[in-house]
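So that the names make sense, note that chain A is the first sequence line, chain B the second, and so on, each numbered from 1. As the structure is a prediction and not an experimental result, all values here were calculated from the model.
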Number of protein chains: 2
Amino acid sequence: MDYKNTLLQHIEPIAPLSEAERMAVLAAFQPKKLKKKEMLLFKGDISQHMRFIAKGCLRSYYLDDNGQEHILQFGIEGWWVNDLYSYLTQTPAEYFLQAVEPAIVLQVQRSQLEALFKRVPPMERFFRIKMQNAYVAQQERTIKGMRMTAEQRYIEFREKYREIEQRVPQYMVASYLGVTPEHLSTIRKKINS
Amino acid sequence: MDYKNTLLQHIEPIAPLSEAERMAVLAAFQPKKLKKKEMLLFKGDISQHMRFIAKGCLRSYYLDDNGQEHILQFGIEGWWVNDLYSYLTQTPAEYFLQAVEPAIVLQVQRSQLEALFKRVPPMERFFRIKMQNAYVAQQERTIKGMRMTAEQRYIEFREKYREIEQRVPQYMVASYLGVTPEHLSTIRKKINS
DNA sequence: CGCATTTCTTAAGATACCTTAATTTTTTTG
DNA sequence: CAAAAAAATTAAGGTATCTTAAGAAATGCG
């Protein structure tokens, strides 16, 4: 039950809830336990849930034409993970979702979340704000990905996501940053000297 | 009045309107004429309108620490342009909006659009869908910006935005793609041979 | 604990892209 | 239309990043 607190702790600073609303929110979400490397969504699946990470670490990634993995996002406690387009439009997912660490995810079905929006208006506000932030963060990442050197991007990643860096293998950080693991290694060598 | 048709033609395929709703929508928007190079929004301004391009071509861009311009987006007839984060959160804009060609923009004030959402529900649906598409397009651009070579990005840009390519100077395309004008020039030379 | 697997490092040669600077071409404007 | 301004091209030398390959270090598991 502890992990349900985690959910409320992330919603309430943005959208305060009454006691009844809190109950309604918690009732809508179902916990799911994941082992390390377990998949939460495959490419081609239709994403049926919004997903909140109560514990652990996940990643979303896609496979390019050469079968190479490219990481779009990491998520840890308090983050939401999804193939949002698949969820919103109910079309087959482009991305995979996988646990990088053992994890507990709280899931809410699409129809139930829609119902929740009607019964608990603050939740709609909460998601609209999350969506805005995601859009802006994405825009920033686009720009920075194109203009900054790999070294600059890595330094920024470290500052912004220090905890994530310590929890995922280095080659995944490289994938997220859009460089080869070899190059990231030489960057680190250069920085730490 | 012709340009108001342009607006309806872009809304109705996504969100059909009754005659009364059409009237309400049109009444909320105000046309604004722009000369070439005229600014529509400055960095630091708070964006007070949603903006639809009825005619012409605009761009959004930002200035980096060295005073260099970096283009985020172009827009032509039927597109929406804004610093969305500034508009949504009513904080100072990070980006500039400028006409690349003489343009006519249809603007609706934030408070009026909110009122319109209540009176004309299909409009809310229309904007939610637009927002989703924007987020996904942005996500795709992030990935492609990091993994693809400048040549691949240019070829894709050409296919996807052939009309825009013919309407904006080449150095702006380079800026959008994240390369120097010189390099884009050599890419073009290579391709056309 | 020790073997197998995964992850990280190192280095050399190749490629993509940048910087600078000069020149040519195109567009704008009086 | 001519002059001025803006945009595009070309080329040379430099830097960032990739590819490949091999070995070292760390981690997972029986």
Side-chain angles (χ1 to χ4, degrees), chain A residues 34-38 56-57 59 61 64-71 74 98-103 142-158 164-193, chain B residues 34-38 56-57 59 61 64-71 74 98-102 143-158 164-193:
Chain A
L34 295 165
K35 291 178 194 154
K36 186 169 174 174
K37 297 198 184 175
E38 192 174 339
C57 180
R59 62 170 179 153
Y61 66 94
D64 70 16
D65 303 335
N66 308 320
Q68 279 242 300
E69 290 179 4
H70 300 284
I71 294 180
F74 296 110
Q98 187 192 37
V100 175
E101 286 175 1
T142 301
I143 301 302
K144 291 184 171 169
M146 287 199 303
R147 323 286 171 176
M148 292 168 50
T149 65
E151 182 176 333
Q152 290 172 314
R153 275 179 275 145
Y154 174 60
I155 289 170
E156 230 188 69
F157 178 82
R158 261 179 128 164
I164 291 176
E165 201 204 350
Q166 287 158 2
R167 289 169 67 174
V168 305
Q170 195 172 305
Y171 75 88
M172 287 192 189
V173 175
S175 173
Y176 177 87
L177 293 174
V179 299
T180 58
E182 293 83 356
H183 188 49
L184 181 54
S185 182
T186 63
I187 287 169
R188 282 165 51 84
K189 187 181 170 189
K190 185 186 160 197
I191 289 175
N192 304 325
S193 65
Chain B
L34 295 165
K35 291 179 195 153
K36 185 170 173 172
K37 296 197 185 174
E38 193 174 338
C57 180
R59 63 171 180 152
Y61 66 95
D64 69 17
D65 303 336
N66 307 319
Q68 278 242 301
E69 290 179 2
H70 300 283
I71 295 180
F74 296 110
Q98 187 192 37
V100 176
E101 286 174 3
I143 301 302
K144 291 184 171 169
M146 288 199 302
R147 323 286 169 174
M148 291 168 49
T149 66
E151 182 176 333
Q152 291 172 313
R153 274 179 276 146
Y154 174 61
I155 289 171
E156 230 188 68
F157 177 82
R158 260 179 128 164
I164 291 177
E165 201 204 350
Q166 286 158 2
R167 289 168 67 173
V168 305
Q170 195 173 304
Y171 76 89
M172 287 192 188
V173 175
S175 173
Y176 177 87
L177 293 175
V179 299
T180 58
E182 293 84 356
H183 188 50
L184 180 54
S185 182
T186 62
I187 287 169
R188 283 164 51 83
K189 187 182 169 189
K190 186 186 161 200
I191 290 175
N192 303 325
S193 65

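Counting to the nearest Å, the P atom of C:dA16 and the CZ atom of A:R147 are 20 Å from each other. Taking atom CD of B:E182 as the reference point, atom C1' of C:dA16 lies 15 Å away to the nearest angstrom. One can place CZ of B:R188 at 12 Å from C1' of D:dA7, the figure rounded to the nearest angstrom. Counting to the nearest Å, the C1' atom of C:dT9 and the CG atom of A:L184 are 11 Å from each other. B:Q152 has its CD atom 13 Å from the P atom of D:dC18, to the nearest Å. If you measure from atom CD1 of B:I71 to atom P of D:dA7, you get 11 Å, rounded to the nearest angstrom. If you measure from atom CD1 of B:I191 to atom P of C:dA16, you get 13 Å, rounded to the nearest angstrom. Atom C1' of nucleotide D:dT27 and atom CZ of A:R167 are separated by 18 Å, given to the nearest angstrom.
Among A:Y176, A:Y154, A:Y171, the single residue meeting the side chain to side chain contact (heavy atoms under 4.5 Å, CB included) criterion with A:L184 is A:Y154.
Put simply, B:K189 has no side-chain N or O that comes within less than 4.0 Å of OP1 or OP2 on D:dA8. Within the 4.0 Å cut-off from OP1 or OP2 of C:dA16, not a single side-chain nitrogen or oxygen of B:T149 is found. OP1 or OP2 of C:dT9 sits under 4.0 Å from a side-chain N or O of A:Q170. At least one side-chain nitrogen or oxygen of B:T180 sits closer than 4.0 Å to the OP1 or OP2 atom of C:dC18.
If you check D:dC18, C:dC8, D:dG28 against the side chain of A:V179, the one that comes closest is D:dC18. Set against C:dT7, D:dC18, C:dT10, the side chain of A:H183 has D:dC18 as its closest nucleotide.
The number of heavy-atom neighbours closer than 6.0 Å to CG of B:N192, taken from other residues, nucleotides and ligands shown, is above 12.
Positionally, the nearest nucleotide of DNA chain C for B:G178 lies more toward the 5' end than for the other of B:G178 and B:K36.
Between the side chains of A:R147 and A:Q152, no donor-acceptor pair of N or O atoms lies under 3.5 Å.
B:K37 comes within 4.0 angstrom of nothing in the nucleic acid, heavy atoms only. The residue A:K190 sits apart from the nucleic acid: no heavy atom pair falls under 4.0 Å.
No donor-acceptor pair under 3.5 Å is formed between the side chain of A:R153 and the backbone N or O of A:V179.
Nearest heavy-atom pair across A:K35 and A:A99 is O-CB, 3.4 Å.
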